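One structure is given below, encoded as structure tokens.
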Protein chains: 4
Amino acid sequence: MEFAKNNKAIYLQIADGIFENILSKKWMPEDRIPSVRDFAVNIEVNPNTVMRAYTYLQEKEIIYNQRGIGFFVSDGAYEKSINIRKTQFVENELPNVFKNIDLLGIDITEIERLYNLSRKR
Amino acid sequence: MEFAKNNKAIYLQIADGIFENILSKKWMPEDRIPSVRDFAVNIEVNPNTVMRAYTYLQEKEIIYNQRGIGFFVSDGAYEKSINIRKTQFVENELPNVFKNIDLLGIDITEIERLYNLSRKR
Amino acid sequence: MEFAKNNKAIYLQIADGIFENILSKKWMPEDRIPSVRDFAVNIEVNPNTVMRAYTYLQEKEIIYNQRGIGFFVSDGAYEKSINIRKTQFVENELPNVFKNIDLLGIDITEIERLYNLSRKR
Amino acid sequence: MEFAKNNKAIYLQIADGIFENILSKKWMPEDRIPSVRDFAVNIEVNPNTVMRAYTYLQEKEIIYNQRGIGFFVSDGAYEKSINIRKTQFVENELPNVFKNIDLLGIDITEIERLYNLSRKR
DNA sequence: GTGGTCTAGACCACC
DNA sequence: GTGGTCTAGACCACA
């Protein structure tokens with residue numbers, strides 16, 4: 001049992017935060033995002049950790065780099081973010097939900113009923 | 001953005017751990033569970049926090065206390081745990097899942113398909 | 001002007017070396033490759049640098065990891081290595097070759113002639 | 001595997017740099033080039049090494065020496081540089097390119113297509 | 001000033 | 001034992 005801890009790697013949490021900013025349209029394509037050092041100071045984390053998050057997002061083509069200038073939000077960042085989140089949801093979260101459904105003996109049709117109910121509100 | 005933090009109250013996290021032990025049948029009815037002091041040392045937490053978790057579970061009739069002896073798993077603990085977890089699941093987790101489904105533009109019938117797929121494995 | 005220096009990042013040089021081992025069939029699919037620490041000691045480099053190379057290759061699905069055991073050559077490693085090398089060649093090396101061809105005033109048909117000549121040998 | 005190393009002799013790397021300066025018309029015929037000593041300090045290399053590069057280029061009639069004054073770019077330096085580079089390119093670089101083409105299973109006509117494509121840009 | 005790489009050393013979870 | 005993450009601090013190239 002572990003307490004008061006978030007096991008997810010910090011660099012992935014940073015990446016998640018950036019995903020949020022993009023999905024909420026707070027950061028738009030072509031916007032310059034904070035420099036590695038500034039961000040690191042801001043969130044009180046080692047610059048290498050921020051760098052790792054940025055590199056991770058760069059590989060996913062969410063952001064791109066202009067040498068000596070900084071990182072910028074890519075053009076299709078919003079769409080790509082949605083796709084990545086969807087994959088994460090289906091591959092990581094849904095299986096847990098399904099496991100709970102089985103464990104707790106809930107019928108899938110009951111889930112559907114609750115979903116339709118929630119939509120009406 | 002916040003890091004290395006789990007906002008859920010520690011005593012509820014402890015209670016969750018105990019639910020797990022009961023649902024996994026690791027702790028059976030009439031089993032004596034660890035003393036408040038032992039448990040607190042074990043998980044490196046203040047005894048008061050453990051006591052709060054025990055009190056919480058006692059109120060839910062998951063465990064009961066014999067003065068001067070200790071806490072024991074109640075007879076209907078398994079069934080009650082399932083019900084409590086089911087309520088938690090439907091009230092707290094499902095709405096988030098539904099929110100994501102809508103946000104990511106996934107169809108509920110797709111979820112059902114994925115569920116049936118996962119059961120076949 | 002720079003001397004006695006190889007600007008390519010060490011972790012990429014390590015990755016290149018691994019590509020070589022795979023292309024030369026010295027490392028076959030399912031082979032366990034050296035542990036991060038062992039390799040680091042062997043080539044006198046910081047373990048983090050080796051880790052970075054391994055992570056890079058893992059993202060490219062050239063190798064995969066089994067927790068607590070080690071890294072292994074992936075099934076399609078050979079084919080993927082060829083494809084990656086081909087991309088590198090076409091995107092990075094060929095443009096330089098073309099630049100030289102233009103700069104030195106060589107005709108592309110002359111290149112073709114030299115190629116056919118070299119094949120006959 | 002070897003790291004952080006460039007096997008080409010330093011004096012040849014210096015010569016290459018001078019070729020570059022001539023081909024890019026940065027250094028024109030009759031220009032005085034830096035003194036051996038100045039150049040050596042500038043690129044942090046032993047003066048003897050610079051001298052060797054100058055001697056090499058003098059033999060190729062790319063530069064000439066006026067005793068007590070310094071080294072100067074020869075009249076036909078540009079044309080001679082092109083010829084030397086062309087020979088180097090055809091004898092040293094092209095074979096490697098051809099080897100890669102074969103290894104990676106690329107068709108020579110594909111190369112020609114890519115070349116024409118690159119010229120259009 | 002920007003990012004990019006590397007080292008050294010630490011601590012963790014999993015097996 | 002394995003990899004995985006993080007920190008601290010350094011040096012570099014590019015602009």
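Predicted model only: the values in this text are computed from it and were never measured. Residue numbers start from 1 in every chain, and the chains themselves are labelled A, B, ... in the order their sequence lines are given, proteins ahead of strands.
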Between protein and nucleic acid, restricted to nucleotides 5-7 of chain F and to nitrogen or oxygen atoms under 3.5 Å apart, what atom pairs and distances do you find?
| unit_1 | atom_1 | unit_2 | atom_2 | d |
| --- | --- | --- | --- | --- |
| F/dT5 | OP2 | A/R52 | NH2 | 2.6 |
| F/dC6 | OP1 | A/I10 | N | 2.1 |
| F/dC6 | OP2 | A/Y11 | N | 3.4 |
| F/dT7 | OP2 | A/N46 | N | 3.0 |
| F/dT7 | OP2 | A/T49 | OG1 | 2.5 |

Name each donor-acceptor pair under 3.5 Å that joins a side chain in residues 35-57 of chain A to protein atoms two or more places apart or in another chain, with its distance.
| unit_1 | atom_1 | unit_2 | atom_2 | d |
| --- | --- | --- | --- | --- |
| A/S35 | OG | A/D38 | N | 3.0 |
| A/N46 | OD1 | A/N48 | N | 2.7 |
| A/Y54 | OH | A/P34 | O | 2.7 |
| A/T55 | OG1 | A/M51 | O | 2.8 |

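Remark: F/dC14 base-pairs with E/dG1; criterion is Watson-Crick or G-U wobble with both hydrogen-bond distances under 3.5 Å. In this structure, F/dG9 and E/dC6 make a Watson-Crick or G-U wobble pair, each of the two defining distances being under 3.5 angstrom.
Counting heavy atoms from C-beta on, the side chains of D/E93 and C/N100 come closer than 4.5 Å. The closest side-chain heavy-atom distance from D/L114 to C/F98 is below 4.5 Å.
Among all heavy-atom pairs drawn from B/F71 and B/I63, the shortest one is CD2-CD1, 3.7 Å.
Across residues 61-78 of chain C, C/N65, C/G68, C/I69, C/G70, C/F71 each have a non-hydrogen atom less than 4.0 Å from an atom of DNA chain F (numbered order).
Every residue two or more places apart in sequence or in another chain that forms a side chain to side chain contact (heavy atoms under 4.5 Å, CB included) with A/E20 is listed here: A/R85. Every residue two or more places apart in sequence or in another chain was checked for a ring pair (Phe, Tyr, Trp, His ring centres under 6.0 Å) with A/F19, and none qualifies.
Side-chain to base pairing of A/R37 with E/dG3: one donor and one acceptor N or O lie within less than 3.5 Å of each other.
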Discussion item. Run the side-chain contact (heavy atoms from CB on, under 4.5 Å) test on C/I84 and C/I62 for me, step by step, so that the C-alpha distance in whole Å, both residues' side-chain angles and the decisive distance to 0.1 Å come before the verdict.
Written reply: CA-CA 10 Å; C/I84 290 167; C/I62 301 297; 3.9 Å; yes
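Residue pairs satisfying the salt bridge (Lys or Arg N to Asp or Glu O under 4.0 Å) criterion with at least one member in residues 22-33 of chain C, sequence neighbours excluded, are absent.
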